[in-house]
Amino acid sequence: METRKYEITYIIRPDIEESAKSELVARFDKILADNGATVVDSADWDTRRFAYQIGKYTEGTYHIVNVTTDSDASLNEFDRLAKFNDDILRHMIVKRG
């Protein structure tokens, strides 16, 4: 199967402690790696104010992960677990050219 590139952007709640945020990022990077994806890079982008309130939050920290994979298993598992995590306000997976 052909290896494809994806960009995953997720928003972390702004009031999380730095150590807890680092653990969250490491856990989700590991979920991707354990399910067959290669994490090319994973970094915070910026803390931004939202155009509208998400839950009780008006801002959040955007985190971007670039991965390569030849199967959708890692992306599906990331998507499934991100939906249940209260520290991740929103997430989006985009296929890169």
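All values below come from the heavy atoms of this structure, side chains included, with hydrogens, waters and symmetry mates left out.
Linking Ile, Leu, Val, Met, Phe, Trp and Tyr residues whenever their side-chain heavy atoms come within less than 4.5 Å places L24 and L81 in a single cluster. Under the 4.5 Å side-chain heavy-atom criterion for Ile, Leu, Val, Met, Phe, Trp and Tyr, I16 and I11 are members of distinct hydrophobic clusters. Residues I88 and L75 share a hydrophobic cluster, clusters being chains of Ile/Leu/Val/Met/Phe/Trp/Tyr side chains in contact below 4.5 Å. Clustering ILVMFWY residues whenever any of their side-chain heavy atoms sit less than 4.5 angstrom apart, transitively, puts Y52 in the very cluster that holds Y62. Hydrophobic clustering of Ile, Leu, Val, Met, Phe, Trp and Tyr side chains at less than 4.5 Å, counting indirect connections, keeps V39 apart from W45.
Using cut-offs of 30° and 60° for the angle between ring planes, the F28 and Y10 rings count as tilted.
A heavy-atom distance below 4.5 Å is found between the side chains of T58 and R49. Counting heavy atoms from C-beta on, the side chains of D72 and R4 come closer than 4.5 Å. At a threshold of 4.5 Å between non-hydrogen side-chain atoms, the residues N66 and Y6 do not count as touching. Counting heavy atoms from C-beta on, the side chains of V65 and D29 come closer than 4.5 Å.
Taking CD of E7 as the reference point, atom CZ of R96 lies at 4.5 Å (rounded to 0.5 Å). Here T3 contributes atom OG1 and D70 contributes atom CG; the two are 5.0 Å apart, rounded to the nearest 0.5 Å. Here the CD1-CZ distance, from I12 to R90, works out to 14.5 Å after rounding to the nearest 0.5 Å. Here I8 contributes atom CD1 and D79 contributes atom CG; the two are 9.0 Å apart, rounded to the nearest 0.5 Å. Taking CD of E17 as the reference point, atom CD of E23 lies at 9.5 Å (rounded to 0.5 Å).
The shortest heavy-atom contact between G60 and P14 is CA-CD, 4.1 Å. In terms of heavy-atom proximity, S74 sits nearest to T69 at OG-OG1, 3.8 Å.
Contact check on K21 versus D15 returns no salt bridge, with no Lys/Arg side-chain nitrogen under 4.0 Å from an Asp/Glu carboxylate oxygen.
Summarising the local packing, CG of D86 is surrounded by 12 or fewer heavy atoms from other residues, nucleotides or ligands at distances under 6.0 Å.
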Check your understanding: Between R27 and D87, is a salt bridge (Lys or Arg N to Asp or Glu O under 4.0 Å) present by the stated rule, with each step listed?
Key -> CA-CA 12 Å; R27 186 165 61 110; D87 294 330; over 6 Å; no
Check your understanding: Does the side-chain contact (heavy atoms from CB on, under 4.5 Å) test come out yes or no for T38 and V67, once each step is laid out?
Key -> CA-CA 5 Å; T38 302; V67 298; over 6 Å; no
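When atom types are taken as modelled, the side chain of D46 and the backbone of R48 share no donor-acceptor pair closer than 3.5 angstrom. Judged by distance alone, the side chain of Q53 and the main-chain N or O of G55 form a donor-acceptor pair under 3.5 Å.
Ring to ring, F50 and Y57 are not that close: their centroids are 6.0 angstrom or more apart.
Looking at T47 and T61, their side chains do bring a donor and an acceptor atom within 3.5 Å of each other. Using modelled atom types, one finds a donor on one side chain and an acceptor on the other under 3.5 Å when comparing S42 with H63.
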